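Please read the structure below before turning to the comments.
The shown structure was predicted, so the numbers you read here are calculated from the model rather than taken from an experiment. Basis for what follows: all heavy atoms, side chains included, without hydrogens, waters or symmetry-related copies.
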2 protein chains.
Amino acid sequence: MSDTTKKGDGTTKEQQPRRRQARGERRIAQLLHAAARVFCTTGYTAASTNAIAREAGVSPGTLYQFFPNKEAIAIELGDRLMHEMREAYGEALAPVDPATPLEEAIGSAVDWFMAFNTDHPVFFALMHGPDIPGRMAEAHEQLHTTVVGRIEALLASLMPGAAPADVTRTAHVCLGIYKAGLELVLAHEGAERAAYIRETKDVLIRYLEPLVGDRLGRA
Amino acid sequence: MSDTTKKGDGTTKEQQPRRRQARGERRIAQLLHAAARVFCTTGYTAASTNAIAREAGVSPGTLYQFFPNKEAIAIELGDRLMHEMREAYGEALAPVDPATPLEEAIGSAVDWFMAFNTDHPVFFALMHGPDIPGRMAEAHEQLHTTVVGRIEALLASLMPGAAPADVTRTAHVCLGIYKAGLELVLAHEGAERAAYIRETKDVLIRYLEPLVGDRLGRA
DNA sequence: CCAGAATGCGAGTGACCACTCGTGTTTGTC
DNA sequence: GACAAACACGAGTGGTCACTCGCATTCTGG
């Protein structure tokens, strides 16, 4: 009972972020980089903290100087990725210029997300595994609903008369198509990778084209 | 050295399948059923053999009376599923009647596979996890290439002039679309599930329609 | 230059898990 | 009914892994 993180005195200082030296910040970045590599190759659960420490060239004790536990490493990694994503997020989905042709809108959005994910394959590894820690699952869920919401907003202008449930379903299908395409894209390189990006766009365009067709037909 | 499974005498009897009683066969079925439930909820790696035994209502020792190790449980489960699948496999993809309209062909194939996977959710759980044991990964790979090969054969008649690489890529995209649809289908129930099956078919039809259009245009 | 904090180490600790073993019970066969 | 084999049990065993601890080293403010 009353086992909050409050300290004894009146001030609720639940965190004293332990003043870091430049060396510490460097180690953290180094450890996160190593963790990304290990998570990519073995997945989250199979990745051992000792392996991460070894990959970073430090001792297990050093790792725990900067992260309270294994989950915190994934959390911090996910948070940094999320932050980096949001920095340029609006560029990908926000501008819903109705004048933009569907092909172009889908093309740029897919290009942007594909580039982000191929640059940071950890993102997919952390989000996709069935072995994500509890806190990570929340973040994943949150991102998922956010993205679906954005897609819904885009679709709403294309499907003016549709029931909300239909719009939601269509948004989920679009995201599913993208994920399937991403998996294929990540599994290939060079020209083949580019071809799969092209295919992903085509699938989305052909799936959504009839909706636009209706709108244009009435316009 | 020479640590083969040969016995001392000349005969290389590396297996004496241990005569089973009816009770044993029942226990095996019971254990596989329990394993399916546990694998579905926790995934393969996170599933403990003790949990499987508990779910089946037997002791850990009893489990190891019938399976040499944890992987063997997944293997046997996968093998039985594969066998059951192949029993009715031809019905789903084999009959490539060129007279069948694309919609109908895709519709029946998707219906069949969706029904199989919703009846046996373990199949998806075992095939999809990043934590599959080595032997299981082989089986997965094999099934994957088999299915892709079948789809390629179907597509070949639709894309007569296309390069083999293009046909292969299209086949991979089709399978990816199906998997994405399956994930959405398994995440919903009742009417929503049916609606997602419908969407999956639509995505595939609209993706492949231009190919058929070419053929029909020339016919 | 010197306290004290931050950093770094790696052998250890406790928990968990796949798997085993000794022993007792049930079943099929003659 | 008697014997052997199959079945069943559950406490144990060895290994792995997340995480800790005591101690050495490096930085920072005064």
- prompt: Is B/Glu25 salt-bridged to B/Arg20, cutoff N-O under 4.0 Å?
  reply: no
task: Could I get the full list of ring pair (Phe, Tyr, Trp, His ring centres under 6.0 Å) partners for A/His128, not counting sequence neighbours?
output: A/Phe124, B/His128
query: When you list every nucleotide of DNA chain D with an atom under 4.0 Å from a heavy atom of chain B, which one comes first 5' to 3', and which comes last?
result: D/dA6 to D/dG10
- request: Using a 4.0 Å heavy-atom cut-off, write out nucleotides 14-30 of chain C from 5' to 3' as B (base contacted by protein), S (sugar-phosphate only) or - (no contact).
  value: ----SBB-----BSSS-
- prompt: Does NZ or CZ of A/Lys70 fall inside the cone over A/Tyr44's six-membered ring, less than 6.0 Å from its centre and within 45° of the axis?
  reply: yes
field: Inter- and intrachain pairs under side chain to side chain donor-acceptor pair (under 3.5 Å), touching residues 178-192 of chain A, at least two apart
entry: A/Asn117-A/Tyr178, A/Glu192-B/Arg169
field: Residues in salt bridge (charged side-chain N to carboxylate O under 4.0 Å, His left out) contact with A/Arg198, at least two apart in sequence or another chain
entry: A/Asp202
- prompt: Mind checking whether B/Tyr207 and A/Tyr207 have ring centres under 6.0 Å apart?
  reply: no
Can you give each donor-acceptor pair under 3.5 Å made by side-chain atoms of residues 136-145 of chain B, sequence neighbours left out, with the distance rounded to 0.1 Å?
from	atom 1	to	atom 2	distance (Å)
B/Thr145	OG1	B/Glu141	O	3.2
B/Thr145	OG1	B/Gln142	O	2.8

